[in-house]
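This report refers to the structure that appears directly beneath it.
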Amino acid sequence: MARLSILEFPDPRLRKVAEPVNEVDSRIKTLIDDMFETMYAAPGIGLAATQVDVHERVIVMDISDNQQAPRVFINPTVVILDETLGEYDEGCLSVPGFYETVNRPTRIAVTALNKEGETFTEELQGLMAICLQHEIDHLEGKLFVDYLSPLKRQRIRGKLEKAHRQRA
Ligand code: QAP
Ligand code: CO
């Protein structure tokens, strides 16, 4: 397994739209293992392949405390079951150090492929539903900061650019 490096806002590669996975082969399985290692090390609760500069529709998630509930979603599609929005203070491994309130539907059904390449459909609610929608946004080149006011987004961008300059 390998720890992958995570792209950070405003890296333009985070804006690429990911391609569907054709076959869940050994290359995709290795990618999934490496994404879990990267997410757990961070630590984080969700990671999309886009964030590690792989532009294919793969998401890993684990909202449990002790790495007890690893979940994989390949080529996910979502149906909103209830248009009622819930608010949540979202963060992102690609926007380190910043948390802001975002509103999203909290009851969805997802259809995706699992790590074995089998199709499944499942209803999700609460943090699982929010996190999955956040991760699917990554596959579309979208970030949670896009839901904020331009002023807030610009402030976050400026601070992260400064941090990147100091690291370089
Ligand atoms: C997405 O985010 C998410 O700023 C997953 O310094 C988060 O795992 C969806 C993290 C919350 C919905 C609600 C963030 C780690 C991890 C940071 C993450 C940081 C270190 C974020
Ligand atoms: Co994110």
May I ask you to check whether Ser94 and Glu8 show a side-chain donor-acceptor distance below 3.5 Å?
no
Closest non-hydrogen atoms of Leu85 and Pro105, given as atom of the first, atom of the second and distance, are CD2-N, 3.4 Å
For the residue pair His55 / Glu19, report whether a side-chain donor-acceptor contact shorter than 3.5 Å exists.
no
Checking side chain to side chain contact (heavy atoms under 4.5 Å, CB included) for the pair Glu90/Glu100: CA distance, chi angles, key distance, verdict?
CA-CA 6 Å; Glu90 294 191 16; Glu100 296 288 345; over 6 Å; no
From the list Leu47, Thr30, Val54, Val72, side chain to side chain contact (heavy atoms under 4.5 Å, CB included) with Met35 holds only for Leu47
Describe, in one word, how the ring planes of His138 and His134 are oriented to each other, choosing from parallel (under 30°), tilted (30 to 60°) and perpendicular (over 60°).
perpendicular
Exam field: side chain Asp34 to backbone Ala2, donor-acceptor pair closer than 3.5 Å
yes
Check for me, please, whether Val52 and Val58 land in the same ILVMFWY cluster - side-chain distances under 4.5 Å, paths through other members count.
yes
Working to the nearest 0.5 angstrom, can you tell me the gap between Leu143 CG and Asp11 CG?
10.0 Å
Value for SG (Cys92) from CG (Leu14), rounded to nearest 0.5 Å, stands at 7.5 Å
Heavy-atom neighbours of Asp89 CG exceed 12 at 6.0 Å
yes
Pair Arg15 + Asp146: basic N to acidic O under 4.0 Å:
yes
Between Glu123 (side chain) and Arg107 (backbone), is there a donor-acceptor pair under 3.5 Å?
no
Quick check with a 6.0 Å cut-off and a 45 degree axis cone: is Lys152 positioned over the face of Tyr147's six-membered ring?
no
Distance in Å, Phe36 CZ paired with Leu4 CG, rounded so as to fall on 0.5 Å steps:
13.0 Å
Step by step, work out the side chain to side chain contact (heavy atoms under 4.5 Å, CB included) result for Ile156 and Leu148.
CA-CA 10 Å; Ile156 293 171; Leu148 310 178; 3.9 Å; yes
How far does CD of Glu122 sit from CD1 of Ile108, to the nearest 0.5 angstrom?
9.5 Å
Ignoring hydrogens and angles, tell me if any N or O in the side chain of Thr38 forms a donor-acceptor pair with the backbone of Arg3 under 3.5 Å.
no
Assess whether a salt bridge exists between Arg57 and Glu140, defined as any Lys/Arg side-chain N lying under 4.0 Å from an Asp/Glu carboxylate O.
yes
Do Val95 and Tyr88 belong together in a cluster built from hydrophobic side chains that touch within less than 4.5 Å?
no
When you measure from the side chain of Gln166 to the backbone of Ala163, do you find a donor-acceptor pair of N or O atoms at a distance under 3.5 Å?
no
State yes or no: do Leu124 and Val102 share one hydrophobic cluster built from I, L, V, M, F, W and Y residues joined by side-chain heavy-atom distances below 4.5 Å, directly or via other members?
no
On a heavy-atom basis, which atom in Cys131 and which in Gly46 lie closest, and how many Å separate them?
SG-CA, 4.1 Å
I'd like to check the side chain to side chain donor-acceptor pair (under 3.5 Å) partners of Thr111; sequence neighbours left out, ordered by chain and number.
Thr121
Closest non-hydrogen atom pair, Thr50 against Leu7
O-CD1, 3.6 Å
Would Glu161 and Arg157 pass as an ion pair if we require N to O under 4.0 Å?
yes
Linking I/L/V/M/F/W/Y whenever their side-chain heavy atoms sit closer than 4.5 Å, directly or via other members, would Val21 and Val110 fall into one cluster?
no
Going only through I, L, V, M, F, W and Y residues with side-chain contacts under 4.5 Å, is there a path from Phe73 to Ile32?
no
Side chain to side chain contact (heavy atoms under 4.5 Å, CB included) assessment of Thr106 paired with Gln125:
CA-CA 5 Å; Thr106 54; Gln125 52 184 326; 5.7 Å; no
So, the side chain of Gln133 versus the backbone of Ala129: is there a donor-acceptor pair under 3.5 Å, distance only?
yes
Which residue, Leu93, Leu139, Ile59, forms the side chain to side chain contact (heavy atoms under 4.5 Å, CB included) with Gln51?
Leu93
Output for pair (Asp25 CG, Arg27 CZ), nearest 0.5 Å, gives 5.5 Å
I'd like to know if the side chain of Asp62 and the backbone of Ser64 have a donor-acceptor N/O pair within less than 3.5 Å.
yes
Across all chains, not counting sequence neighbours, the salt bridge (charged side-chain N to carboxylate O under 4.0 Å, His left out) partners of Asp137 are Arg104
Considering all heavy atoms, the nearest Pro70-Tyr40 contact
CB-OH, 3.6 Å
Go through the steps for Lys29 and Val24 under the test side chain to side chain contact (heavy atoms under 4.5 Å, CB included), then give the verdict.
CA-CA 7 Å; Lys29 286 179 181 165; Val24 184; 4.2 Å; yes
Identify the two heavy atoms, one from Phe9 and one from Leu160, that lie closest to each other, and give their separation to 0.1 Å.
O-CD1, 3.6 Å
